[in-house]
Amino acid sequence: MGIINASDFNLKATIESGQLFRHSYDSRSGFYAVIAGDSVARLRQEGDKLQYDCSNSDFGVATFFGLNHSYGELIKSISKDEKITAAINRHYGLRILQQSPWECTASFIISSFSNIPRIRQCIGKVAAAFGDSIEFDGIRDFSFPQPQQISNFSKLKKCGLGYRAKYLFETAKVFGSGNYEYSLPQMRKLSYAEAKEKMMRLPGVGEKVADCILLFSYGFLEAFPVDVWIQRAMLGNYGSEINSFAAGRKPSEKVVAGFARSYFGEYAGYAQQFLYHDARTSPRISRAAPVPLP
DNA sequence: CACCAGGTACTGT
DNA sequence: ACAGTACATGGT
């Protein structure tokens, strides 16, 4: 069992903010389990201490959880107004992860136009169908398959991905091709705009998914993915500013993303993740049928 | 049955 | 470049 000092860190918010899909929480022990690649990590936070135990000794916990980011600096940088500051304060310690490019790309291709429970289910089916059986500390599961392992299209179609199956299959071929054009070091040589253009060449990767991958895996912290939640939150919080920025154009997701990157700056992705998690966790208007009055 | 879910690809203008 | 539209699947 390792222990590292993790100040300015919120394990729960980081794991539960929709950046990764293969995790679970054991309320009896207080430990989270995260599956990444072929590694299983069990983690628990108590104050500034992060306890962890990994199946794989080369799994870099600190890097994976973004603990190398200069938190004070980036928080100061994105704290532009009271709206974002309130979201930061509600989830202080939330970190942007650095996941493996292939697993992150595959996961967010699967995520598009879907919902989180089903995304988790689909990824689990892909792992069970193509991954290797893994076992650690009582946790039995499957590794996330290497791209080369996803070699049977009809089997992939049975994982419930719908029309995304062919996107994932084609993208697996690219990642498994043996050249390293989508590797972390190669991609880090590019500018944000170049890296995004490159990601969007992959089938099933559009503006939003590309930004998720650039942010959650390649470390482009200026990436600002705009999904329906962020679009609503941004128009609600910054409607008039966005309309000025749009200069007559429709405030599309692309316009909102452009506004956000110029407004929040080089760590805009962190602002996005605070807003997203805040929107997801804030009390929502119940859609339940009204209770009749006595 | 309609509607929604961390959108993307394709088409026509 | 931008607006419209189809798209697999499963839950409410």
Side-chain angles (χ1 to χ4, degrees), chain A residues 13-23 87 91 94 96-97 99 103-126 129 153-172 174 193 196-217 220 223-236 242 245-260 268-282 284-290:
Chain A
T14 301
I15 288 180
E16 295 182 353
S17 60
Q19 303 181 63
L20 61 84
F21 301 98
R22 306 196 71 195
H23 59 87
H91 312 290
L94 170 59
I96 299 290
L97 299 175
Q99 306 180 58
E103 181 167 351
C104 189
T105 300
S107 298
F108 279 92
I109 286 174
I110 292 170
S111 81
S112 80
F113 201 43
S114 188
N115 56 70
I116 288 179
R118 192 161 74 91
I119 296 163
R120 292 168 59 94
Q121 183 182 49
C122 288
I123 293 173
K125 284 184 180 176
V126 169
F153 184 61
S154 59
K155 195 172 173 185
L156 183 62
K157 281 200 293 190
K158 291 176 182 145
C159 296
L161 312 195
Y163 60 88
R164 305 167 196 81
K166 65 176 184 296
Y167 301 151
L168 181 59
F169 196 71
E170 294 304 313
T171 295
V174 176
K196 183 163 178 179
E197 190 277 329
K198 191 168 174 62
M199 292 313 296
M200 288 176 65
R201 290 181 212 160
L202 298 167
V205 178
E207 295 270 353
K208 186 267 175 185
V209 168
D211 277 327
C212 283
I213 302 162
L214 293 177
L215 181 58
F216 302 146
S217 145
F220 287 93
F224 193 93
V226 178
D227 70 340
V228 292
W229 291 86
I230 288 294
Q231 181 74 2
R232 274 197 291 265
M234 287 296 290
L235 290 177
I242 291 168
F245 180 84
R249 288 178 297 166
K250 176 184 151 195
S252 62
E253 289 82 355
K254 194 164 183 170
V255 167
V256 167
F259 165 79
Y270 260 97
Q272 184 277 141
Q273 202 55 23
F274 278 109
L275 291 172
Y276 177 78
H277 190 50
D278 197 52
R280 296 292 307 229
T281 55
S282 70
R284 304 179 210 168
I285 313 298
S286 170
R287 278 187 219 90

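None of these values were measured; they are calculated from a predicted model.
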>> What contact category does Lys254(A) fall into here, base, sugar-phosphate, or nothing, at under 4.0 angstrom with non-hydrogen atoms?
In response: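 The answer is nothing, as Lys254(A) stays clear of every strand by at least 4.0 Å.
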> So which heavy atom on Gln231(A) is nearest to which on Glu253(A), and how close?
Replying inline: OE1-CA, 3.4 Å
>> How close do Cys104(A) and Ile213(A) get, counting heavy atoms only, and between which atoms?
In response: SG-CA, 4.0 Å
> When you look at Ser17(A) and Gln273(A), which way does the side chain to side chain donor-acceptor pair (under 3.5 Å) test go after all the steps?
Replying inline: CA-CA 7 Å; Ser17(A) 60; Gln273(A) 202 55 23; 3.3 Å; yes
[M] and [N], which share atom name [atom1], separated by this distance in whole Å:
{"N": "dT5(C)", "M": "dC4(B)", "atom1": "P", "value": "16 Å"}
{"N": "dA3(C)", "M": "dA5(B)", "atom1": "C1'", "value": "22 Å"}
{"N": "dG6(B)", "M": "dG4(C)", "atom1": "C1'", "value": "22 Å"}

>> Could you check whether any side-chain N or O of Gln272(A) sits under 3.5 Å from a backbone N or O of Leu215(A), counting only pairs where one atom can act as donor and the other as acceptor?
In response: no
> Do any N or O atoms from the side chain of Arg232(A) and from the backbone of Asp227(A) form a donor-acceptor pair under 3.5 angstrom?
Replying inline: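 Checking the backbone N and O of Asp227(A) against the side chain of Arg232(A), no donor-acceptor pair under 3.5 Å is found.
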>> Before you tell me yes or no, could you show the steps for Arg22(A) and Ile123(A) under side-chain contact (heavy atoms from CB on, under 4.5 Å), namely the whole-Å CA-CA distance, both residues' side-chain angles and the distance that decides it to 0.1 Å?
In response: CA-CA 8 Å; Arg22(A) 306 196 71 195; Ile123(A) 293 173; 3.7 Å; yes
> Relative to the ring of Phe216(A), is the ring of Phe108(A) parallel (under 30°), tilted (30 to 60°) or perpendicular (over 60°)?
Replying inline: tilted
Only distances under 3.5 Å count here; give the side-chain donor-acceptor pairs of residues 197-204 of chain A to other protein atoms, sequence neighbours excluded, each with its distance to 0.1 Å.
unit_1	atom_1	unit_2	atom_2	d
Glu197(A)	OE1	Arg201(A)	NE	3.3
Glu197(A)	OE1	Arg201(A)	NH2	2.8
Glu197(A)	OE2	Arg201(A)	NE	3.4
Lys198(A)	NZ	Glu181(A)	OE1	2.7

> What are the bounds, 5' to 3', of the part of DNA chain C that sits under 4.0 Å from heavy atoms of chain A?
Replying inline: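 Range of nucleotides within reach of chain A: dC2(C) to dG10(C).
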> Could you write nucleotides 6-13 of chain B as a row of B, S and -, 5' to 3', where a protein heavy atom under 4.0 Å of any base atom gives B, of only sugar-phosphate atoms gives S, and otherwise -?
Replying inline: BBSS----
> Given atom CD of Glu253(A) and atom P of dA5(B), what is their separation to the nearest angstrom?
Replying inline: 13 Å
